> 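Starting off with a structure, shown below.
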Amino acid sequence: MFVLVEMTDTVRIAPWQFERKLNDSIAEELNKKLANKVVYNVGLCICLYDITKLEDSYIFPGDGASHTKVHFRYVVFHPFLDEILIGQIKSCSQDGVHVSIGFFDDIVIPPESLQQPAKFDEAEQVWVWEYETEEGAHDLYMDIGEEIRFRVVDETFVDTSPTGPSSAEASASSATEEVQKKEAPYTLVGSISEPGLGLLSWWTNS
Amino acid sequence: MEVKDANAALLSNFEVFQLLNDLKQQRKESGKNKQSSGQQNLNTIMYETLKYISKTPCRHQSPETVRNFLIAMKGHKLTKAEKLQLLNHRPVTAVEIQLMVEESEERLTEEQIESLLQTVTSILPGDPEEQQRDSAMATEDKSDQA
């Protein structure tokens with residue numbers, strides 16, 4: 001689930017922080033910059049693991065702060081392909097089941113990856129697995145808040161950095177577009193179409 | 001900012017759990033004189049991640065159990081990713097093993113799957129309440145049979 005990522009960056013320490021130990025200031029700045037943020041094509045950054053190398057600090061003309069190039073390792077949430085994860089069902093909609101892991105919410109299980117046959121119950125807005133046995137069909141509901149075991153089948157990174165002033169399109173339409181285009185920078189697509197996957201309660205022996 | 005290596009190492013849930021607990025200790029000890037403006041993100045992610053990891057089997061683990069587990073796994077010829085999943089999830093049924101080990105029907109016989117399950121449940125500590133319940137049920141069964 002978690003990987004260690006080696007990165008380098010130049011950290012700026014303001015002059016009023018000079019009395020603190022350099023390592024502490026740098027750790028705090030790095031966490032301020034990266035914790036709980038998604039780095040494109042890397043994953044969701046959790047916290048600093050360690051600082052491997054500190055290069056010399058420089059002060060540039062016009063700015064009283066010191067700039068230090070730091071080599072460090074960061075703990076990042078980045079599940080590998082086909083990894084099994086356990087999460088909670090956050091909501092169900094026509095485009096699938098939305099699962100959350102607490103610190104990461106953008107996980108979708110599309111309808112074709114549910115245990116088949118599955119149908120969407122409009123009245124209760126939940127997906128249902130129509131499980132067939134010799135006695136007849138059982139309807140297994142995927143209720144909100146239930147723990148669910150799923151396999152990661154795909155991930156998508158979207159670059160959400162600002163694109164700069166757009167060319168002279170109508171500013172009114174761009175305002176509405178901005179409201180709609182709140183894309184998650186990192187989404188996972190899951191699947192529960194295998195034996196053992198799905199709600200934990202479906203597969204426990206007791 | 002430059003990413004030198006996006007996959008330098010895999011971390012188990014237990015290692016992240018230890019790291020976050022240590023970080024939490026450090027921040028508590030250093031007192032509340034930090035500006036909370038920039039720290040809010042770190043606080044949020046630490047709290048949520050700790051909350052999630054504390055519900056997984058890794059909260060009962062220790063460095064020795066992890067080391068013993070990896071030594072015991074050497075004989076079973078599993079990939080790093082598979083061993084990591086077994087460590088993080090502590091499967092108790094054959095179905096879960098089949099999910100985590102690729103092509104398990106071809107690579108492992110039923111006895112091997114059984115022995116793998118035994119190794120996992122014996123070396124990795126499970127929920128102590130559940131284990132008490134299981135042993136209580138087992139003694140009840142035995143007294144019923146007798």
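The chains referred to below are lettered A, B, ... by the order of the sequence lines, with proteins before strands, and numbering in each begins at 1. Both backbone and side-chain heavy atoms feed into the values below; hydrogens, waters and symmetry mates do not. All figures in this text were calculated on a predicted structure; none of them were measured in a lab.
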> Return the option, out of A:N41, A:N36, A:L48, with the maximum number of heavy-atom pairs under 4.5 Å with chain B.
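Heavy-atom pair counts peak at A:N36.
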> Pick whichever of B:Q98, B:E48, B:K55 has the most heavy-atom pairs under 4.5 Å with chain A.
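Ranked by contacts with chain A, first place is B:E48.
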> Does any heavy atom of chain B fall under 4.5 Å from the side chain of A:K69, the backbone, both, or neither of them?
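Nothing of A:K69, per the 4.5 Å heavy-atom cut-off to chain B.
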> Got a sec: does the CD of A:E112 have more than 12 other heavy atoms crowding it under 6.0 Å?
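Yes, because the 6.0 Å sphere around CD of A:E112 holds more than 12 heavy atoms from other groups.
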> Are there residues of residues 83-104 of chain A that reach to under 4.5 Å of chain B by heavy atoms, and which ones?
A:E83, A:I84, A:L85, A:I86, A:Q88, A:I101, A:G102, A:F103
> Could you measure the distance from the CD atom of B:Q39 to the NZ atom of A:K32? Nearest 0.5 Å is fine.
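Answer rounded to 0.5 Å: 6.5 Å.
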> If you count heavy-atom pairs under 4.5 Å with chain A, which of B:H89, B:M100, B:E102, B:K51 comes out on top?
B:H89
> Identify which part of A:L34 has an atom lying under 4.5 Å from any heavy atom of chain B, answering side chain, backbone, both or neither.
side chain
> Do you know which two heavy atoms are closest between B:A6 and A:V42, and how far apart they sit?
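The answer is CB-CG2, 4.5 Å.
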> Looking only at heavy atoms and a cut-off of under 4.5 Å, which of A:T8, A:V5, A:N31, A:V3 has the most pairs with chain B?
A:T8
> Could you tell me if the side chain of B:T49 sits less than 4.5 Å from the side chain of A:F77, heavy atoms only?
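No, every pair of side-chain atoms sits at 4.5 Å or beyond.
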> Can you tell me if CZ on A:F60 sees more than 12 non-hydrogen neighbours from other groups inside 6.0 Å?
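Above 12, so yes.
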> A side-chain contact here means heavy atoms from C-beta on lying under 4.5 Å apart; do B:L19 and A:I46 qualify?
no
> With side chains defined as the heavy atoms from C-beta onward, is the minimum distance between A:M1 and B:V16 less than 4.5 Å?
no
> As an exercise, state the distance from CG of B:N41 to NZ of A:K33, rounded to the nearest 0.5 Å.
13.5 Å
> Could you tell me whether A:Q116 atom CD has more than 12 heavy atoms of other residues or ligands within 6.0 Å of it?
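Check passes, neighbour count above 12.
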> Can you say whether A:V76 sits under 4.5 Å from chain B via the side chain, the backbone, both, or neither, judging by heavy atoms?
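Interface part for A:V76: neither.
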> Under a 4.5 Å heavy-atom cut-off, does chain A meet the side chain of B:L50, its backbone, both or neither?
neither
> Would you indicate whether B:Q118, at its atom CD, is surrounded by more than 12 heavy atoms from other residues, nucleotides or ligands within a distance under 6.0 Å?
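No, the 6.0 Å shell around CD holds no more than 12 heavy atoms from other groups.
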> Check the pair A:C47 / B:L20 against side chain to side chain contact (heavy atoms under 4.5 Å, CB included), numbers first and verdict last.
CA-CA 8 Å; A:C47 71; B:L20 288 176; 3.7 Å; yes
> Does A:Y49 have more than 12 heavy atoms from other residues, nucleotides or ligands lying within 6.0 Å of its OH?
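No, not enclosed.
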> For B:I45 versus A:A35, what's the shortest heavy-atom pair and its separation?
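Taking B:I45 first and A:A35 second, the nearest heavy atoms are CG2-CB, 4.2 Å.
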> Using heavy-atom distances under 4.5 Å, tell me whether A:E29 contacts chain B through its side chain, its backbone, both, or neither.
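Contact with chain B: none, neither part.
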> Considering heavy atoms only, which positions within residues 71-84 of chain B lie below 4.5 Å of chain A?
B:A81, B:L84
> What pair of heavy atoms forms the shortest contact from A:G196 to B:V95, and how long is it?
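Of all heavy-atom pairs spanning A:G196 and B:V95, the closest is CA-CG1, 3.4 Å.
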> How long is the gap from CD on A:E28 to CG on B:L42, to the nearest 0.5 Å?
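Going from CD on A:E28 over to CG on B:L42, the span is 9.5 Å.
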> Contact part of B:E96 toward chain A, heavy-atom cut-off under 4.5 Å: side chain, backbone, both or neither?
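Only the side chain of B:E96 comes within 4.5 Å of chain A.
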> Could you give me the CA-CA distance, side-chain angles and deciding distance for A:R149 and B:L99, then say whether side chain to side chain contact (heavy atoms under 4.5 Å, CB included) is met?
CA-CA 10 Å; A:R149 187 186 288 133; B:L99 283 176; 4.1 Å; yes
> For A:F120, does the CZ atom have more than 12 heavy-atom neighbours from other residues, nucleotides or ligands under 6.0 Å away?
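Counting neighbours around CZ of A:F120, more than 12 heavy atoms of other residues, nucleotides or ligands fall under 6.0 Å, so yes.
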> Has A:F80 got more than 12 heavy atoms of other residues, nucleotides or ligands less than 6.0 Å from its CZ?
yes
> Is it the case that more than 12 heavy atoms not belonging to A:K37 sit under 6.0 Å from its NZ atom?
yes
